[in-house]
Enquirer: 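Here's a structure for you.
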Amino acid sequence: METEIEFANECVLLNSLRRSDSQWIIKVLLIQCGVVKEFKNKINQGLRWTLIFVDEEGTKMQAILFTDQVNMWKEHLEQGSIYYIINGRINDRKPNFQSVHKEFEIVHTCILVKVNASIGDGNRKRREIALMNERCDRQTVTLWGEIAEKDGDMLQNMIFEKPIVVLCNVKGTTYRGNFVISTTHVSSVMINPSFEKAIALQNWHNRMKLQDKDITLMPSRLIKNARKVKIGDITHADSFDNTKDTYRKFNTKIKYIINKDDPWYLSCNKCYKKVSLVDNIATCPRCGSNVEYEERYLLKLELFDEKEHCYITLFEATKYLLGCDVKTYVRSISQKKEESKYYRKLVSSKDKEFTFLVKLDPRIGGDRTGRSLIAEELHEVGKVDAIEIEDDEIKAAKTIKKIKQIEEENDASINHKRIKIEKD
DNA sequence: CCCCCCCC
């Protein structure tokens with residue numbers, strides 16, 4: 001295969017290959033296949049295919065195939081397989097473009113729990129997914145460009161099996177106080193890979209499934225660690241400190257379910273605003289007509305905690321109350337809603353006590369009368385506290401203890417060797 | 001020989 005390889009950094013060039021080498025062979029794992037794209041400029045036109053490989057030392061490199069090579073290889077190369085590349089052309093790394101190899105590389109191994117619809121076209125195409133780890137922390141990831149197109153579609157088709165997803169060379173950004181991970185042009189996505197951490201997570205997930213536990217309904221570390229308050233502490237607060245600690249939880253009864261018959265709406269995929277349907281054409285008040293849309297939960301509740309009452313809105317969090325995703329719910333009530341176990345669960349939640357998690361918005365202060373809160377998460381009272389909290393301090397202490405133990409063992413073995421040598 | 005920091 002004749003191909004162009006852009007190396008990540010010069011070390012690789014020195015260690016395993018030199019640009020001047022005319023004959024070489026390298027063993028690589030294909031970790032990311034792009035989408036075959038057509039290109040056209042003043043001089044050339046044809047097909048382009050971007051691949052990302054990793055060698056046995058863990059160094060990543062990008063390879064580009066052009067028209068003839070694309071046609072020759074497109075049916076044969078497979079993500080996750082091992083190949084030998086023989087005698088490719090090696091280019092220097094181009095400083096204006098992203099390097100495949102990062103000085104700091106974060107690898108995320110998580111369970112896929114949600115895939116949103118994709119938005120936009122070409123390089124602007126994006127698709128949000130949600131991942132979860134063994135501590136039930138949710139993490140939103142935005143897939144971009146070819147990864148949104150190819151891997152995103154693959155993930156959407158697999159969402160019901162909740163595969164393990166590994167992300168390499170992704171970047172983190174903060175938007176409105178939320179940490180969001182985004183893919184870049186050098187990111188790679190692996191689905192159900194066979195390395196230790198991924199298998200351990202898969203085993204954990206299998207154990208949960210055997211206990212009939214849906215991990216997407218389990219209390220997250222966020223709600224476990226959130227500061228516990230009364231409703232009045234939130235509704236009567238003049239303003240909120242602009243700190244990182246913006247989550248609060250409170251226990252309260254559901255006094256009234258305001259829209260129990262239609263706890264969802266048709267939402268614009270791009271901006272989440274409610275679309276209106278006329279002759280099957282959806283119009284979004286913000287994005288215009290003929291937009292893509294899907295059902296989205298929206299449940300409004302009135303709460304009462306003996307002292308205060310307030311209104312709260314549940315979007316995605318409705319799932320915690322009903323136990324299923326919105327599409328399953330809508331399907332379940334399409335015939336006789338009284339026969340839907342999810343509908344019955346919704347109705348029976350009235351007068352029950354729940355722990356609600358809300359996020360404080362530092363921009364909103366003062367008079368909040370009439371303004372409803374938005375729930376991030378909720379569980380029946382007792383379910384949150386029942387689970388043992390292993391906070392970071394305890395974990396850190398354990399790690400230190402472990403390290404000391406290992407050091408002592410090493411010391412002992414070193415001493416033992418010394419003794420042995422002396423005896424000899 | 002191609003192409004790059006996007007969006008709510």
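Numbers restart at 1 for each chain; the letters A, B, ... are given by sequence-line order, proteins then strands.
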Enquirer: What integer distance in Å separates A:Glu316:CD from B:dC8:P?
Expert: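 Checked: the CD to P distance equals 18 Å.
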
Enquirer: Can you check the A:Ile90 CD1 to B:dC1 C1' distance for me, whole Å?
Expert: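 Going from CD1 in A:Ile90 over to C1' in B:dC1 covers 18 Å.
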
Enquirer: Starting the side chain at C-beta, find the nucleotide from B:dC6, B:dC2, B:dC8 nearest to A:Asn44.
Expert: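 Side chain of A:Asn44 sits closest to B:dC2.
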
Enquirer: Rounding to an integer number of Å, can you tell me how far A:Phe179 CZ sits from B:dC8 P?
Expert: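 Between P of B:dC8 and CZ of A:Phe179: 20 Å.
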
Enquirer: Among B:dC5, B:dC3, B:dC2, find the nucleotide with the atom closest to the side chain of A:Gln98.
Expert: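 So the side chain of A:Gln98 is nearest to B:dC5.
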
Enquirer: At 4.0 Å (heavy atoms only), tell me whether A:Tyr272 reaches a base, stays on the sugar-phosphate, or touches nothing.
Expert: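 Nothing, no heavy atom under 4.0 Å.
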
Enquirer: Side chain of A:Lys171 only, heavy atoms from C-beta on: which candidate in B:dC7, B:dC5, B:dC3 is closest?
Expert: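 Among B:dC7, B:dC5, B:dC3, the one nearest the side chain of A:Lys171 is B:dC5.
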
Enquirer: Which nucleotide in the set B:dC5, B:dC3, B:dC7 lies at the smallest distance from any side-chain heavy atom of A:Phe97?
Expert: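 The listed nucleotide nearest to A:Phe97's side chain is B:dC3.
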
Enquirer: Give a yes or no on this: more than 12 heavy atoms of other residues, nucleotides or ligands lie within 6.0 Å of atom CD of A:Gln211.
Expert: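 Yes, because the 6.0 Å sphere around CD of A:Gln211 holds more than 12 heavy atoms from other groups.
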
Enquirer: Determine whether more than 12 heavy atoms belonging to other residues, nucleotides or ligands lie under 6.0 Å from atom CD of A:Glu161.
Expert: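 Buried by this count: over 12 neighbours within 6.0 Å.
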
Enquirer: Describe the nucleic acid contact of A:Thr173 in one word from base, sugar-phosphate, nothing, applying a heavy-atom distance below 4.0 Å.
Expert: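 The residue A:Thr173 makes no contact with any strand.
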
Enquirer: With centres under 5.5 Å and planes under 30°, do A:Phe66 and B:dC2 count as stacked?
Expert: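 Not stacked by the 5.5 Å and 30° rule.
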
Enquirer: Compare the minimum distances between each of B:dC8, B:dC1, B:dC3 and the side chain of A:Lys270, then state the nucleotide with the smallest one.
Expert: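 In terms of side-chain proximity for A:Lys270, the closest of B:dC8, B:dC1, B:dC3 is B:dC8.
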
Enquirer: Is there a side-chain contact between A:Asn41 and the phosphate of B:dC1, meaning an N or O under 4.0 Å from OP1 or OP2?
Expert: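 Result: no.
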
Enquirer: Would you mind telling me which of B:dC8, B:dC1, B:dC4 lies closest to the side-chain atoms of A:Gln62?
Expert: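 Of B:dC8, B:dC1, B:dC4, B:dC4 is nearest to the side chain of A:Gln62.
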
Enquirer: Could you check whether A:Trp144 and the base of B:dC6 form a stacked pair, meaning centres closer than 5.5 Å and planes differing by less than 30°?
Expert: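 Ring-base stacking flag set for A:Trp144 and B:dC6.
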
Enquirer: Would you say B:dC4 has OP1 or OP2 under 4.0 Å from some side-chain N or O of A:Asn96?
Expert: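 Looking at the OP1 and OP2 atoms of B:dC4, neither is under 4.0 Å from any side-chain N or O of A:Asn96.
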
Enquirer: To the nearest Å, how far apart are A:Lys273 NZ and B:dC7 P?
Expert: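 A:Lys273 atom NZ is separated from B:dC7 atom P by 19 Å.
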
Enquirer: Between the base of B:dC6 and the side chain of A:Arg126, is there a donor-acceptor distance below 3.5 Å?
Expert: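 Side chain to base: no pair below 3.5 Å.
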
Enquirer: Which nucleotide sits closest to the side chain of A:Arg48: B:dC1, B:dC5, B:dC3?
Expert: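 The answer is B:dC3, which lies nearest to the side chain.
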
Enquirer: Would you mind reading off the distance between A:Ile147 atom CD1 and B:dC6 atom P, rounded to a whole angstrom?
Expert: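 It works out to 16 Å between those atoms.
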
Enquirer: How about CD on A:Glu338, more than 12 heavy atoms from neighbouring residues, nucleotides or ligands closer than 6.0 Å, or not?
Expert: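 Yes, the 6.0 Å shell around CD holds more than 12 heavy atoms from other groups.
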
Enquirer: Out of the candidates A:Ile312, A:Thr318, A:Thr313, only one should pair with A:Leu299 under the side-chain contact (heavy atoms from CB on, under 4.5 Å) rule; please name it.
Expert: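 When side-chain contact (heavy atoms from CB on, under 4.5 Å) is applied between A:Leu299 and each of A:Ile312, A:Thr318, A:Thr313, only A:Thr318 qualifies.
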
Enquirer: Starting at the 5' end of DNA chain B and moving along, which residue's nearest nucleotide shows up first, A:Gln45 or A:Val180?
Expert: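 It is A:Gln45 whose nearest nucleotide is closer to the 5' end.
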
Enquirer: Rounding to a whole Å, what distance do you find between A:Leu47:CG and B:dC1:C1'?
Expert: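 Atom CG in A:Leu47 sits about 12 Å away from atom C1' in B:dC1.
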
Enquirer: Verify the distance criterion only: is there a donor paired with an acceptor across the side chains of A:Thr50 and A:Glu146 at less than 3.5 Å?
Expert: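 There is no such pair (donor and acceptor under 3.5 Å, judged by atom type) between the side chains of A:Thr50 and A:Glu146.
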
Enquirer: Would you kindly give the CD-to-P distance between A:Glu146 and B:dC3, to the nearest whole Å?
Expert: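 One finds 11 Å between P of B:dC3 and CD of A:Glu146, rounded.
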
Enquirer: Can you confirm whether the side chains of A:Gln139 and A:Asn133 place a donor and an acceptor under 3.5 Å from each other?
Expert: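 Not at all, the side chains of A:Gln139 and A:Asn133 share no donor-acceptor pair under 3.5 Å.
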
Enquirer: Starting from P on B:dC4, measure out to NZ on A:Lys37 and report it in whole angstrom.
Expert: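 One finds 12 Å between P of B:dC4 and NZ of A:Lys37, rounded.
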
